[in-house]
Amino acid sequence: MECLLQYWDELDDLFWLVPALKERIRRSFFALTSLAVITAVAGLSVLAAMQNPSSALVIAAVMTYGLVLRKTFGDPDFEQA
């Protein structure tokens with residue numbers, strides 16, 4: 001009986017291995033996509049700063065202010081609204 005239970009446990013592990021691998025692949029794909037988007041935005045920001053430095057400075061200041069506010073007051077809770 002114990003051998004049957006061990007066999008059943010191995011089959012259960014094998015069954016849940018596929019969804020676990022799919023989740024790992026999905027997270028890796030999401031991380032790589034996010035990295036590519038961040039790199040593209042950074043490159044476009046450099047191009048924008050070379051074209052119009054004063055506007056780029058204003059945008060950077062507004063974004064920094066937003067990050068400071070988010071750090072100070074925390075993430076917005078949209079479920080309360």
Inset, instruction - Show which residues join Trp8 in its hydrophobic cluster (side-chain heavy-atom contacts under 4.5 Å, direct or indirect), or state none. - result: none
For residues 48-63, which side-chain N or O atoms pair as donor and acceptor with protein atoms under 3.5 Å away, sequence neighbours left out?
unit_1 : atom_1 : unit_2 : atom_2 : d
Asn52  : OD1    : Ser54  : OG     : 3.3
Asn52  : ND2    : Ser55  : OG     : 3.1

Inset, instruction - Would you list the pairs meeting salt bridge (charged side-chain N to carboxylate O under 4.0 Å, His left out) in which at least one residue belongs to residues 49-63, sequence neighbours left out? - result: none
Inset, instruction - Tell me, please, which residues at least two apart from Arg26 pass salt bridge (Lys or Arg N to Asp or Glu O under 4.0 Å). - result: Glu23
Legend entry - Sequence neighbours excluded, every pair satisfying side chain to side chain donor-acceptor pair (under 3.5 Å) that has a member inside residues 28-48: none
Inset, instruction - Please identify each residue that fulfils side-chain contact (heavy atoms from CB on, under 4.5 Å) with Leu69, with sequence neighbours left out. - result: Tyr65, Phe73
Inset, instruction - Return each pair, listed once, that meets salt bridge (charged side-chain N to carboxylate O under 4.0 Å, His left out) where at least one residue sits in residues 28-38; pairs must be two or more places apart or across chains. - result: none
Legend entry - Transitive ILVMFWY cluster of Leu35, excluding itself - 4.5 Å side-chain cut-off: none
Legend entry - Residue pairs, two or more places apart or on separate chains, that pass salt bridge (charged side-chain N to carboxylate O under 4.0 Å, His left out) and touch residues 12-22: none
Inset, instruction - State which residues pass side-chain contact (heavy atoms from CB on, under 4.5 Å) with Leu32; sequence neighbours excluded, sorted by chain then number. - result: none
Legend entry - Linked hydrophobic residues, Phe15 as query - side chain contacts closer than 4.5 Å: Trp16
Legend entry - Fellow cluster residues of Val41, listed by chain then number, with links counted only when side-chain atoms sit under 4.5 Å apart: Val37
